Amino acid sequence: MKIHAAVARTPHTPFSLERLDLEEPREGEILVRVVATGVCHTDIVMRDQHLPVPQPVVLGHEGAGIVERVGPGVAKVAPGDHVVMTFNSCGHCPSCNDHQETYCHEFFPRNFFGARADGSSGISCEGERVHGNIFGQSSFASHALCHERNIVKVPEDADLALLGPLACGIQTGAGAVMNALDVEPGKVLAVFGMGSVGLAAVMAARIVGASRIIAVDVNEARLALAAELGATDIVNGKASDAVAAIMALTGAGVDYAIDASGVPAVIDQCVRVLAPRGTCGIVGASPHGATLTLDLTHILSGGRRVRGIVEGDSNPDVLIPLLIDLHRQGRFPFDRLITFYDFADINQAVEDSEKGIVLKPVVRQPAV
């Protein structure tokens, strides 16, 4: 079938809007008519080859839409179901067997290699191979092929245009608080970086009952929004020493810190503000090969911990419906982070995201 898609052909250049060929769903695959897709920093990183996915490629990994057809053996969804497409996993490695799919031993091949597990791609352009299957979906397109393992059925009365970011960025921030760190009521949390991931963490921290939620950024507008969404304290890292400011607020430091920046110097600040037995969770993507130097005495003497967190340690079939329900209750207003663009304006959405003009751009497909 013919689809409209945004193709990344060379690094640091705009997406090319093209008409491509998409195969029919194979065994275990699901054809989804995409309604809207979130634009994530990871898409930009892949386009520019900081994560070297093969090109030409159709990116997009925060898709939401409606099932049109299913391949043989699919039982999880049926045509007409409303769905969100999230990260892919193998289903048979030790992590998947332990229900820790975010640490699937095949996470990179299943999400970043631009091909199915057998090496094929379902996308082409006049006989030329175009890489697909990014995060098991490649949803910068009018239609996407996904899999039972990375599809989540959602209520039909939920606004599909809003839901795509729950697949990655919003899920990562909220899951870091609710799952990975399991922030307890009455504890103190600092979040560094008030992009969509960090702000999702702030909202989740309010839901779980953190007594103090400290938001750190250098953008006053984003800090103001953080205060509206649940932060009890804000720290401008440009106007003051963030570590000194947090220690002055807390005395002993924080129980939990989350880095959503991926900047090694900021991660060091996260670790330095930890109270004894505190935990730092790293959710921001750092450049390939980036390293971190830490004060080991500080870590050892206080029993402090540093850990990486992928996709919020989430079971998407559980967390995504929960976040939708919390949004309905008015307790998780992630819609305040979203700015909509027509799919034809995807390059403007990316540019605005790179410049920090918007928090979470979402590109919508034309109505049918």
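Since this is a predicted model, take the numbers as computed values, not measurements.
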Next item on the list: Please round to the nearest 0.5 Å and tell me the distance separating atom CG of L162 and atom NE2 of H327.
Entry: 5.5 Å

Next item on the list: To the nearest 0.5 Å, tell me how far N315 CG sits from E101 CD.
Entry: 6.0 Å

Notebook entry, point to check: Taking C-beta and beyond as the side chain, do L359 and R222 meet within less than 4.5 Å on heavy atoms?
Noted result: yes

Checklist line | 4.5 Å side-chain heavy-atom contact, V208 and K187 | finding: no

Notebook entry, point to check: If you draw a 6.0 Å radius around NE2 in H99, do more than 12 non-hydrogen atoms from other residues or ligands fall strictly inside?
Noted result: no

Item checked: Working for side-chain hydrogen bond (donor to acceptor under 3.5 Å, both in side chains), residues T279 and R305 -> CA-CA 5 Å; T279 302; R305 294 178 291 176; 3.1 Å; yes

Margin query: So, taking the atom named SG in C104 and the one named CZ in R149, what distance separates them when rounded to the nearest 0.5 Å?
Written below: 7.5 Å

Next item on the list: Check the pair D325 / Q329 against side-chain hydrogen bond (donor to acceptor under 3.5 Å, both in side chains), numbers first and verdict last.
Entry: CA-CA 6 Å; D325 191 45; Q329 297 174 29; 3.0 Å; yes

Next item on the list: Please determine if R364 and D342 form a salt bridge, counting it only when a charged side-chain N lies under 4.0 Å from a carboxylate O.
Entry: no

Note to self: Does the plane of the ring in H61 sit parallel, tilted or perpendicular to the ring in F135? Use 30° and 60° as the thresholds.
What the structure shows: tilted

Next item on the list: Could you tell me whether the side chain of V235 reaches within less than 4.5 Å of the side chain of L249, counting heavy atoms only?
Entry: yes

Notebook entry, point to check: Is there a side-chain contact between P155 and H82, using heavy atoms and a 4.5 Å cut-off?
Noted result: no

Margin query: Run the salt bridge (charged side-chain N to carboxylate O under 4.0 Å, His left out) test on E23 and R116 for me, step by step, so that the C-alpha distance in whole Å, both residues' side-chain angles and the decisive distance to 0.1 Å come before the verdict.
Written below: CA-CA 12 Å; E23 293 181 2; R116 297 180 173 110; 3.0 Å; yes

Note to self: Between D295 and R304 (salt bridge meaning N to carboxylate O under 4.0 Å), is one present in this structure?
What the structure shows: no

Margin query: Evaluate L59 against R47 for side chain to side chain contact (heavy atoms under 4.5 Å, CB included), listing each step before the verdict.
Written below: CA-CA 8 Å; L59 301 174; R47 180 200 65 179; 3.9 Å; yes

Next item on the list: Look at the rings of F112 and F107 and say which category their plane angle falls in: under 30° parallel, 30 to 60° tilted, over 60° perpendicular.
Entry: tilted

Note to self: Would you say that L322 contacts V318 through its side chain, given a criterion of any heavy-atom pair below 4.5 Å between the two side chains?
What the structure shows: no

Next item on the list: Mind checking the NE2-NE2 spacing from H143 to H4? Nearest 0.5 Å is all I need.
Entry: 9.5 Å

Next item on the list: Determine, step by step, whether F87 and V310 satisfy the side chain to side chain contact (heavy atoms under 4.5 Å, CB included) criterion, reporting the C-alpha distance in whole Å, the side-chain angles of both residues, the deciding distance to 0.1 Å, and the verdict.
Entry: CA-CA 10 Å; F87 63 90; V310 177; over 6 Å; no

Notebook entry, point to check: Is there side-chain contact between S142 and F343, with heavy atoms separated by less than 4.5 Å?
Noted result: no

Margin query: Rounded to the nearest 0.5 Å, what separates atom CD1 in I66 from atom CG in L31?
Written below: 12.0 Å

Notebook entry, point to check: Between atom CD1 of I30 and atom CG of L145, what is the distance when rounded to the nearest 0.5 Å?
Noted result: 9.5 Å

Item checked: ring pair (Phe, Tyr, Trp, His ring centres under 6.0 Å) partners for F340, two or more places apart -> none

